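Since we're looking at a predicted model, the values are computed, not measured. Naming convention: chains lettered A, B, ... in sequence-line order (proteins, then strands); numbering from 1 in each chain.
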2 protein chains.
Amino acid sequence: MNKILKLNTRDKTTLLRTPFMASLGASAQARMLEIATVMSYEARDILFREGEAADSFYCVLNGYVRLFRLNKDGREADIRICGPGDTFAECLLAMGDHYLYNSQAAETITVARFELQKVRALAEQEKDVAKAIIQCLSNHLRNTMDCIANDRLQTAPQRVAHYLLDNCPQEGSSASIRLPFQKSLLAGKLGLAPEALSRAFSSLRRAGVTVRGRIIQISDISALKQI
Amino acid sequence: MNKILKLNTRDKTTLLRTPFMASLGASAQARMLEIATVMSYEARDILFREGEAADSFYCVLNGYVRLFRLNKDGREADIRICGPGDTFAECLLAMGDHYLYNSQAAETITVARFELQKVRALAEQEKDVAKAIIQCLSNHLRNTMDCIANDRLQTAPQRVAHYLLDNCPQEGSSASIRLPFQKSLLAGKLGLAPEALSRAFSSLRRAGVTVRGRIIQISDISALKQI
DNA sequence: CGCGAGTTTGAATCCCGTCAAGTTTAGTGG
DNA sequence: CCACTAAACTTGACGGGATTCAAACTCGCG
């Protein structure tokens, strides 16, 4: 199932490039590396479930992780999709010892794991760590509030257009994007059923969006902004 | 329009009872009080608008504040309703100098205002302050993620039932709740149009929910949990 | 080449938003 | 304390957007 790995050089550099770790001073970085564990999971593996006793938070090194909740009928709703560099379950650092949602590997992934207690202790000593936590929570909160606003204000085609524009390599009138994950994952991220995403893409054809597999061509970026 | 008030004794004790301030040590509390400004607004006053230069974050002392976004058609969507003790715009402490949403007084309110720069400086010196910020952001993030999950998983009557149960005075088989604000505000908080809230209430009648003005009677709490 | 997961498309349904009207509530001033 | 008015809320009718189910299709991989 999942493997505990030694922290190799490549993982170490990936970890240090993470927004969370990159902002730390040298001594704080070293101490965080000391307490880091790297783990790997296969597609569809569950990292943890909602309500389980929580002892760690995570940082994605490779691949994508899906955070989701279940309603009592067993229907799933994604709360967040975490990619390389993203941390999750950090809000347990302040308080709470049970995970608030389920987390699942969307593909083969490697993650770094940090024991909450050790990081709490470290945050007491190293001001950098506390600052990095604040930074991290703030970003996360910002994104989550944006997500609520988008859910409540935008239709499916608008959400897709918004996602595409957010992931466009800046300037030029046209662009080409390669989705970093399956369409069904994007659907969940945008709060849509896969069918709704598919329909949204086809309704964006008239705005110059062409989809072939994971490759998305945008012929007119400014037209997309009008959606 | 809005008034800048002197920090009177009553506001001071209110402020100190706030989750954010209550967790601080005595010296940190004193220094926060020093830099606090109390302001008052009338119903419908705008505190700030999305995109404006931001220099402060806020803590609600009295009344309710609505945080919302606009889409380009001018439609509004509430992101959060803040009541006494809640802080907002704290995520700007880490980064960003423009407000991310609009904020409006839902009634006559008093709020405490803290300049971001001063608080940032204080957080450097007083570890308590950094910890309180982390606490605050964590809570806020938790609530916001819950909100997304609820939006995506629950129907209108379920959201209302959920809200009622969250605000029930714990045990007993029946309960009575008085809404602390207008129904239209609750509707926004739950991501619904006022009409949808009204219909949700009437569909909950069969589950033993009776609404008269702001007073809501729940005859069978366990029945409500089944919704 | 063929299998299976992922995706697309169609049809039916449902939930919610919007508009319009009627009803209740709350706040004001006599 | 009551009457009056504006705001808040409720109710009905309608439409649109999204979910669900089912089936066809495509792509990637063995």
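A donor-acceptor pair under 3.5 Å links the side-chain atoms of A/Arg159 to the main chain of A/Leu190, judged by distance alone. Not one N or O on the side chain of A/Asn139 forms a donor-acceptor pair closer than 3.5 Å with the backbone of A/Cys136. Panel note: side chain A/Asn71, backbone A/Asp73; a donor-acceptor pair is recorded below 3.5 Å.
With ring centers used as reference points, A/Phe88 lies 6.0 Å or more from A/Tyr101.
The phosphate of C/dT25 has neither OP1 nor OP2 within less than 4.0 Å of any side-chain N or O from B/Lys183.
Spacing between atom CG of B/Leu204 and atom P of C/dC15 amounts to 14 Å, rounded to whole angstrom units. Atoms CD1 (A/Ile216) and C1' (C/dT7) sit 13 Å apart, rounded to a whole Å. Per the geometry, CD belonging to A/Glu107 stands 13 Å off P belonging to D/dC29, to the nearest Å. The nearest whole Å value for the distance from the CG atom in B/Leu153 to the C1' atom in C/dC14 is 17 Å. A straight line from CZ of B/Arg205 to P of D/dC9 spans 16 Å, rounded to a whole angstrom. If you take CZ of A/Arg152 and C1' of C/dC16, they are 13 Å apart, rounded to a whole angstrom. Here C/dG27 presents its P atom at 14 Å from CD of B/Glu42, a figure rounded to the nearest Å. In this entry the distance linking CG of B/Leu186 with P of D/dA8 reads 15 Å, nearest Å.
Counting non-hydrogen atoms under 4.0 angstrom, A/Arg44 reaches the backbone sugars and phosphates but no base.
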- Message: Between B/Ser219 and B/Thr210, does the side-chain contact (heavy atoms from CB on, under 4.5 Å) criterion hold? Intermediate values first, please.
- Response: CA-CA 8 Å; B/Ser219 67; B/Thr210 315; over 6 Å; no
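With sequence neighbours excluded, the residues that form a side-chain hydrogen bond (donor to acceptor under 3.5 Å, both in side chains) with A/Asp55 are A/Arg113.
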- Contact letters for nucleotides 14-23 of chain D, in which S counts primed atoms plus P, OP1 and OP2 and B counts the base, heavy atoms under 4.0 Å: ----SSBB--
